[in-house]
Amino acid sequence: RACLPCLDKKIHLTRASLDNAVEAIITIDSIGTIETVNHATYKMFGYATQEIIGQNVRMLMPEPFKSEHDHYLSRYLTTDSPKIIGTGREALAVRQTGEIFPIHLSVSEVHDQGKRSFVGLIRDITTQRLAEQQSREHRDELAHADRLNMLGEMASGIAHEINQPLTAISLFAQAGKRFLESGKHDRIPDIFDQLSQHALRAGAVVESMQNFARRGENQREATQCSRLINKIVDFAESEARMRDVIVSLDEIEQSVTIVVDVVQIQQVVLNLLRNGMEAMQSVNFVNGNLIKLQTTLREDGDLEVAVIDSGSGVSEDEKSTLFTPFSSTKEKGMGMGLSICREIITAHGGHLMFKNLESGGAKFYFTLPIERNGASNG
Ligand code: ADP
């Protein structure tokens, strides 16, 4: 606690410097009566000398501090328990005009010949607060613009993601018609199952996108890697059959737990599988009709999921724009798939990458952090 003996003398000696201070400096006695003030006090609070000296310091405070101040002061004098004395803090003050403004206040106790009084140092922080608020508003505006941007991208994304189950539905419907025409009625129930599954999947994609838009976060759950992959293979295999592609599962890592938005990760893998199958089709399966889905544990401890195709490989021209929205070499492609995939994987704390293979074809692979204790935290 600061102890400044002979304050009056000191104040007198240093009057000029006190009056030049930007801070208001106010001394009060033990019951709160204002004894001295410097020039900045008049400027800050808007009172004339005679209006302020001899008044209770409460006049400079807004409610509820105004009513509580006597109580604070007497409690401090009887218990000596410091609340604000000796430390600085932010508070509110009130000008003569009634305007309430933010201040930084530090109070020291002064002992002068057995008399206890207090010196308050007050800095007006209105400008600082205003600047902070403006920068907060600016940040909010940026965030808003960002969200609008994202919504725009998302609309294209939804179109892209919904197109895939719709394409599958159309393919299965055509196949169903062929089975009917050729009398293969035993195949029809399977076709209906597939139609229903892909329709449900389209619904799940919309829901997942809606959640993403609404809360800006994903619906994550702790999932066993093998469960996730098996579900994807279920979906992919029926489509692969239609395209005469064989999906082989190379599951080196089965038991690890990952905390993911299952629908989104499925979406990524399905996208990669579909891209791979299309790349294979585009070269008429010259490198075979096998597409591999592989899960491994990396040396850095992350899970790696890879889709290894035997297609065209990524062309030199394509390499730099692959993950840019709206870049596609396909006639009906929107070029949104990979950019969304990368966004999803990045949001999960992983990376999506690719490389061309010597044998022809490409490997698209992504990492995901593994949940070490196996428990859900999301
Ligand atoms: P879209 O599928 O709508 O074209 P994507 O973002 O999924 O959009 O893919 C962008 C482009 O990347 C594709 O048009 C294609 O040229 C290339 N590409 C993606 N995957 C592969 C792959 N496995 N092999 C070769 N090229 C690929």
Side-chain angles (χ1 to χ4, degrees), residues 149-150 152-171 198 201-202 205 208-209 232-233 235-237 239-240 242-250 263-295 304-348 350-367:
N149 255 341
M150 235 175 86
E153 277 190 22
M154 199 118 70
S156 321
I158 293 173
H160 183 270
E161 300 311 322
I162 295 305
N163 246 340
Q164 295 185 336
L166 288 182
T167 307
I169 288 170
S170 158
L171 287 174
H198 282 277
R201 176 154 180 85
V205 169
S208 155
M209 288 279 189
I232 296 167
V233 172
F235 272 121
E237 262 181 346
E239 201 180 321
M242 313 281 285
R243 297 178 192 261
D244 271 335
V245 173
I246 296 167
V247 183
S248 94
L249 190 57
D250 198 354
V263 176
Q264 286 190 346
I265 299 297
Q266 284 179 351
Q267 202 174 310
V268 171
V269 182
L270 280 177
N271 243 309
L272 298 182
L273 281 169
R274 234 163 236 150
N275 275 348
M277 291 194 247
E278 284 174 1
M280 287 156 65
Q281 245 166 353
S282 75
V283 289
N284 288 323
F285 302 104
V286 286
N287 300 316
N289 65 346
L290 195 71
I291 189 162
K292 221 192 294 183
L293 182 59
Q294 195 178 58
T295 52
E304 180 181 300
V305 180
V307 173
I308 300 162
D309 66 52
S310 39
S312 55
V314 179
S315 71
E316 278 306 314
D317 291 352
E318 245 334 78
K319 275 183 182 166
S320 56
T321 56
L322 210 58
F323 294 101
T324 316
F326 307 112
S327 80
S328 173
T329 55
K330 297 169 197 166
E331 202 181 317
K332 288 187 183 155
M334 270 177 56
M336 282 304 295
L338 285 177
S339 69
I340 291 174
C341 288
R342 180 168 265 185
E343 222 165 80
I344 291 175
I345 296 300
T346 308
H348 278 81
H351 302 282
L352 171 61
M353 298 157 283
F354 78 96
K355 61 178 171 201
N356 279 336
L357 304 171
E358 301 247 327
S359 53
K363 170 179 172 179
F364 278 79
Y365 57 110
F366 62 85
T367 60

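In this chain, numbering begins with 1 at the start of the sequence shown. Atoms within a ligand are numbered from 1 in the order they appear, just like the ligands themselves.
Shown in contact with Glu318 at under 4.0 Å from a heavy atom are these atoms of ligand 1, numbered in order with element: 11 (C), 12 (O), 16 (O), 17 (C). The ligand atoms of ligand 1 that sit less than 4.0 angstrom from a heavy atom of Ala279 are 22 (C), 24 (N), 25 (C). Those atoms of ligand 1 with a heavy atom of Ser312 less than 4.0 angstrom away are 25 (C). Heavy-atom proximity to Gly276, at under 4.0 Å, picks out these atoms of ligand 1: 23 (N).
Distances from ligand 1 to the non-hydrogen atoms of Asp309 include at least one value under 4.0 Å.
Residues Leu273 and Ile232 form a side-chain contact, since some pair of their non-hydrogen atoms from C-beta on lies under 4.5 Å apart.
Between Ala240 and Val247, the closest heavy-atom pair is CB-CG2, 3.6 Å. Contact record, Val245 with Met280: CG1-CE, 3.9 Å, taken as the closest heavy-atom pair.
Close N/O approach between Asn275 and ligand 1 is found [any backbone or side-chain N/O within under 3.5 Å]. Considering backbone and side-chain atoms alike, Phe364 places every N or O at 3.5 Å or more from each N or O of ligand 1.
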If you apply the rule side chain to side chain contact (heavy atoms under 4.5 Å, CB included), what do you find for Arg274 with Arg243, and how did you get there?
CA-CA 10 Å; Arg274 234 163 236 150; Arg243 297 178 192 261; 3.9 Å; yes
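Heavy atoms of other residues, nucleotides or ligands lying less than 6.0 angstrom from NZ of Lys319 number more than 12.
Aromatic ring orientation, Phe354 versus Phe364: parallel (interplanar angle below 30°, classes split at 30° and 60°).
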